[in-house]
Student: 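I'd like to ask you about the structure that follows.
The model shown is predicted, which means the values in this text are computed figures rather than measured ones. Labels below follow one simple rule: chain letters A, B, ... track the order of the sequence lines, proteins then strands, and each chain is numbered from 1.
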Protein chains: 2
Amino acid sequence: MKIDPNSSADLSAQIAKAIKDAIINGDLIVDQRLPSESELADQFQVSRPTVREALKRLAAQSLIRTQRGASGGAFVNRISFEDAYAQQITTSTLLLSMNDVSFETACEARYALERACAPLSAQRRTPDHLATMRAEIFRQGQPGLTDEAFCASDVAFHRALVDGAENPVLSYQLAGAVEAMQPLMNMITFSARDRARIVELHSTIADAIESGNGGAAIDGLTDLEIETRTLATEVFAARASA
Amino acid sequence: MKIDPNSSADLSAQIAKAIKDAIINGDLIVDQRLPSESELADQFQVSRPTVREALKRLAAQSLIRTQRGASGGAFVNRISFEDAYAQQITTSTLLLSMNDVSFETACEARYALERACAPLSAQRRTPDHLATMRAEIFRQGQPGLTDEAFCASDVAFHRALVDGAENPVLSYQLAGAVEAMQPLMNMITFSARDRARIVELHSTIADAIESGNGGAAIDGLTDLEIETRTLATEVFAARASA
DNA sequence: CACTTTTTATTTGTCTGACATTTAAAAGTC
DNA sequence: GACTTTTAAATGTCAGACAAATAAAAAGTG
């Protein structure tokens, strides 16, 4: 692990990169303790605050965790799926909101990915997943539900559908696509008629998942995508003319 | 933006979270300048090094960028798809390598997601995407290619396929799934016969994409998935018995 | 006046040294 | 032996300072 003091880049960024590479290469393995901050400062020939800035960069990416006290220090962290979910969701959300990604583009991606999960979910979903889907459908039918709560329930329904595939890698990848849509969906007002239609489609999908019919689930998702995009187009058109 | 000095969490983590929330909420918008480090230190009633640690945390997530000099400072960064790609890839790679995700699971997720892109790619791919796919197929047929180079080319081929869907959100989500597989693929040795078979399947897929036949592309990907999993099973079985 | 050069002020980057706090292990005590 | 106290090591935080970069203002120059 070497750094170049003459480089234009920040020393703390270089040190962070050096340690990060060591983790990726497997030179540092999970739960291994890094040298203390003072030792790292000596090794890299920099001051302790600089080392600390580097370590904070790594901590922000969940690459290390720190512990105080004797026998404390910085340890290589095993990135959990939950950590990864959270990062994935915030990155996706900001990516969409900051880059003027159209509703159409985000929606297309989301439903394309969900259809990829549908057949697996139809095969493998547990009673639990199905129960969650049914419960959320029920919630969506309740009168007086705010639009935000309706959207949150929609996300929960789709998360259960995705998780039903019982493939953590798929769940992780989909988390961003599904959750990042929520702010976009929140811009829509759902009339009672819209909600009834969505609940109906959700039921169709849940039925397909329950009976193990992946093809039907895909068709249901396609119908839901069309419905959602039509609805969004109408809402945005109405808002533009107003 | 408030922090709690009595909380168990690090002050720098709290400050980072406060600023991050402000960005997510839209209180801080893209390219907006944050107060200087000294001003932030005053506002949060902490020292400048603590503020700096917080800012480095945010910089590590590409949420801000910093500039030195007069009229410099920290600015809210527009997260680019490229930034997001890079983060997504390292997170996915580490997630897989640190959590003993089986080849099967990763492979299943990857091909499920790719199949989601295939119909769109068949519709929209530019001549450029197709040319990249053909070029990589050609490269894969060259004798003397190392296994690593073969895998890298494989990734490039699939990236072109995914990018052909012309949906940046899809490309971003898929980047992790495709690239994170590379280290796993690198564990496999590809015989000449294996390579010929893969090149053949790649050609079938490229043909389907060229002719706009999404269904055929999906079938080709399914065949490729089966081929890859069979190959991996054989290799791992042989290695286990040796 | 227009242009170039110099100065200056601001801001981040880095260093030194210190103290506070947490924590586990060692030492002491009953 | 079980419990308490001490101690040492590590991170967390602070204060103050200087270096380096940079843009704007000021000064100089034709």
Student: Counting only side-chain heavy atoms from C-beta out, which of C:dG13, C:dT11, C:dC15 sits nearest to A:Val46?
Tutor: C:dC15
Student: Between B:Arg33 and A:Gln67, which is nearer to the 5' end of DNA chain C once each is assigned its nearest nucleotide?
Tutor: B:Arg33
Student: Does A:Ser71 have a side-chain nitrogen or oxygen under 4.0 Å from the phosphate oxygens OP1 or OP2 of D:dA9?
Tutor: no
Student: Which listed nucleotide (C:dC15, C:dT12, D:dT13) is nearest to the side chain of B:Arg68?
Tutor: C:dT12
Student: Base of D:dT13, side chain of A:Arg48 - is there a donor-acceptor contact under 3.5 Å?
Tutor: yes
Student: Measure from the side chain of B:Thr50, starting at C-beta and using heavy atoms only, and say which of D:dT13, D:dT22, C:dG13 lies closest.
Tutor: D:dT13
Student: Choosing from D:dG12, D:dA8, C:dT16, which nucleotide comes nearest the side chain of A:Ser47?
Tutor: C:dT16
Student: Between A:Glu166 and A:Gln123, do the side chains contain an N or O donor and an N or O acceptor separated by less than 3.5 Å?
Tutor: no
Student: Given atom CG of B:Leu55 and atom P of C:dT14, what is their separation to the nearest angstrom?
Tutor: 13 Å
Student: Using a strict cut-off of less than 4.0 Å between a Lys/Arg side-chain nitrogen and an Asp/Glu carboxylate oxygen, indicate whether A:Arg48 and B:Glu53 qualify as a salt bridge.
Tutor: no
Student: Counting only side-chain heavy atoms from C-beta out, which of C:dG13, D:dG12, C:dT14 sits nearest to B:Lys56?
Tutor: C:dG13
Student: Find the distance A:Arg57:CZ to C:dG13:P and express it as a whole number of Å.
Tutor: 8 Å
Student: Show the nearest heavy-atom pair for residues B:Asp147 and B:Asn186, with the distance to one decimal.
Tutor: O-OD1, 4.3 Å
Student: Are B:Ser12 and B:Arg57 linked by a side-chain donor-acceptor pair shorter than 3.5 Å?
Tutor: yes
Student: Test the A:Arg159-A:Tyr85 pair against the cation-pi criterion, namely NZ or CZ under 6.0 angstrom from the six-membered ring centroid and within 45° of the ring axis.
Tutor: yes
Student: Can you check the B:Gln45 CD to D:dC14 P distance for me, whole Å?
Tutor: 10 Å
Student: Between A:Pro49 and A:Ala74, who's closer to the 5' end of DNA chain D by nearest nucleotide?
Tutor: A:Ala74
Student: Side-chain N or O of B:Ser38 less than 4.0 angstrom from OP1 or OP2 on C:dT11?
Tutor: no
Student: Between A:Leu11 (CG) and C:dC15 (P), how many Å, whole number?
Tutor: 6 Å
Student: Taking the nucleotide of DNA chain C with the closest heavy atom to each, which residue, B:Arg52 or B:Glu39, is nearer the 5' end?
Tutor: B:Glu39
Student: Could you give the CG-to-C1' distance, from B:Asp42 to D:dC14, as a whole number of Å?
Tutor: 14 Å
Student: Between B:Leu40 (CG) and C:dT10 (P), how many Å, whole number?
Tutor: 17 Å
Student: Regarding A:Arg65, tell me which of base, sugar-phosphate or nothing describes its non-hydrogen contacts under 4.0 Å with the strands shown.
Tutor: nothing
Student: Taking atom types as modelled, find out whether B:His158 and B:Arg110 have a side-chain donor-acceptor pair closer than 3.5 angstrom.
Tutor: yes
Student: Consider the side chain of B:Glu53, meaning its heavy atoms from C-beta on, and name the nucleotide among C:dA24, D:dT13, C:dG13 that approaches it most closely.
Tutor: D:dT13
Student: Just how far, in rounded Å, is C1' of C:dC15 from CG of A:Asp10?
Tutor: 15 Å
Student: Taking CD1 from A:Ile15 and C1' from C:dC15, how many angstroms apart are they, rounded to a whole number?
Tutor: 13 Å
